[in-house]
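Quick notes on the structure that follows.
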2 protein chains.
Amino acid sequence: MKTRAAQREETRARIVEAALKCFSERGFLGASTREIARRAGENQGLITYHFQSKEELWRAAVDQIFGKLKAELGELPALLPSEDRRARARASIRAFVRFAAAHPELFRLMMWEGTCDEPRMQWIVDVHLRPFYEGPGFGDVADDELKPHFHYVLAGAASIIFAVAPECRRLTGLDPTSSEAIERHADFVAGLLVP
Amino acid sequence: MKTRAAQREETRARIVEAALKCFSERGFLGASTREIARRAGENQGLITYHFQSKEELWRAAVDQIFGKLKAELGELPALLPSEDRRARARASIRAFVRFAAAHPELFRLMMWEGTCDEPRMQWIVDVHLRPFYEGPGFGDVADDELKPHFHYVLAGAASIIFAVAPECRRLTGLDPTSSEAIERHADFVAGLLVP
DNA sequence: GTCTATAATTAGATAGAC
DNA sequence: GTCTATCTAATTATAGAC
């Protein structure tokens, strides 16, 4: 017998999960609450009940996926080899690539919202992105002037192939979500950025 | 005194230019023909007159921006130093980064459409992307297995910082469209991929 | 060629039954 | 909590005046 609170959380979770997929595939404007409800197997009216608006639902979806990133990166230091600084940097980049492969939605969402200087972008940057950018990071960047370049090169190099996986399959024949492709990509990116 | 044909082309060009910006910023679904017409300073009815549908207008916009890429890359070999193979590869990557800085719309459009296996993505890949992918390329990739990875690492590393320029400004304080930032990014990416 | 008016569809949000 | 029905506004595409 499920409690009312548990039932509530399950429904919310199903809606957030479907919303994350829709928003990341179609963008905030392109995604419709009706399609989100349909993919969640729930009713459209429930979205307004559990979240007040489409915008609130979008924020819940972004919170969820950044929560996963934070959790995965938070437990990273304990798993890394402590010997070599460069080996640690490479290992953390490989972990980041694996995260991008497992959760391309985050990077799709960022691409959608990063192109315009509007409230949704400002919220994402201030709430979720800045702590990440100013955190420990992946190895040290020699020159402070290079930090933004390093950040976006890593973000782009690590994630695009997974963010546009359907395109990659059609263009190259390679399924980037296969475990061999993920590991090859992780090695390639880590080797480039920490030679 | 302008001819009727010239007038026609000017109007079409204004609409296509506005469409490129709207589609790249809001995606196909998120962009409205009304906003496109408004930004072009034209009437909404004219879009249906000059292009039959929103989809046709989208294709015209994509044709235009890929035409620029083809033109810029086509005249590249003549401009490159002929001595050193690695120096030539670095120079062509720098040129690609400069193109991404000047025309972020192309990369935004690709991100929008690459995430779903739908007709618009298939059309872009078959008509525009495949010739580019199977063309001469930027230097040789040692291993054929690495070619897709090299392609998407280059595409991501070169373009993301410009595609999400507003986000980059807010997050890092750096304006990636400044000529210093563009050159620094070009040097950084070329140095990484051709060490 | 250009513009206005409008038809047909779909969107997000609301109200109320259960 | 969930679901159906509906309101208002916005969408693409069309028809026809000029």
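Computed from a prediction, not measured in an experiment: that's the story for all the values here. Numbered from 1 within each chain, the chains take letters A, B, ... in sequence-line order.
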Flag the pair [X] and [Y] as a salt bridge only when some basic side-chain nitrogen lies within less than 4.0 angstrom of an acidic carboxylate oxygen.
X     : Y      : value
A:R90 : A:D187 : no
B:K68 : B:E72  : no
B:E35 : B:R39  : yes

In whole angstrom, what separates [X]'s [atom1] from [N]'s [atom2]?
X     : N      : atom1 : atom2 : result
B:I47 : D:dT14 : CD1   : P     : 13 Å
B:L29 : D:dA10 : CG    : P     : 18 Å
A:K54 : C:dT14 : NZ    : P     : 15 Å
B:E35 : D:dT11 : CD    : P     : 9 Å
B:Q52 : D:dT14 : CD    : C1'   : 14 Å
A:F23 : C:dG12 : CZ    : P     : 8 Å
B:I36 : D:dA10 : CD1   : P     : 17 Å
A:I15 : D:dG1  : CD1   : P     : 12 Å

Which of A:F96, A:F66, A:Y152 passes ring-ring contact (aromatic ring centres under 6.0 Å, His included) with A:F107? It is A:F96
Quiz item: Does the ring center of A:H185 lie less than 6.0 Å from the ring center of A:F162?
Solution: yes
**Report entry** Ring centers of A:F99, A:F132 separated by less than 6.0 Å
**Finding:** no
When all nucleic acid strands are considered with a 4.0 Å heavy-atom cut-off, which category describes A:A31: base, sugar-phosphate, or nothing? sugar-phosphate
Heavy atoms under 4.0 Å, any strand shown: does A:T48 hit a base, just sugar-phosphate, or nothing?
base
Enumerate all atom pairs, one protein N or O and one N or O from nucleotides 2-5 of chain C, separated by less than 3.5 Å.
residue: C:dT2; atom: OP1; partner: B:Q7; partner atom: NE2; Å: 3.1
residue: C:dT2; atom: OP1; partner: B:T11; partner atom: OG1; Å: 3.3
residue: C:dT2; atom: OP2; partner: B:H50; partner atom: NE2; Å: 3.1
residue: C:dT4; atom: OP2; partner: B:N43; partner atom: ND2; Å: 3.2

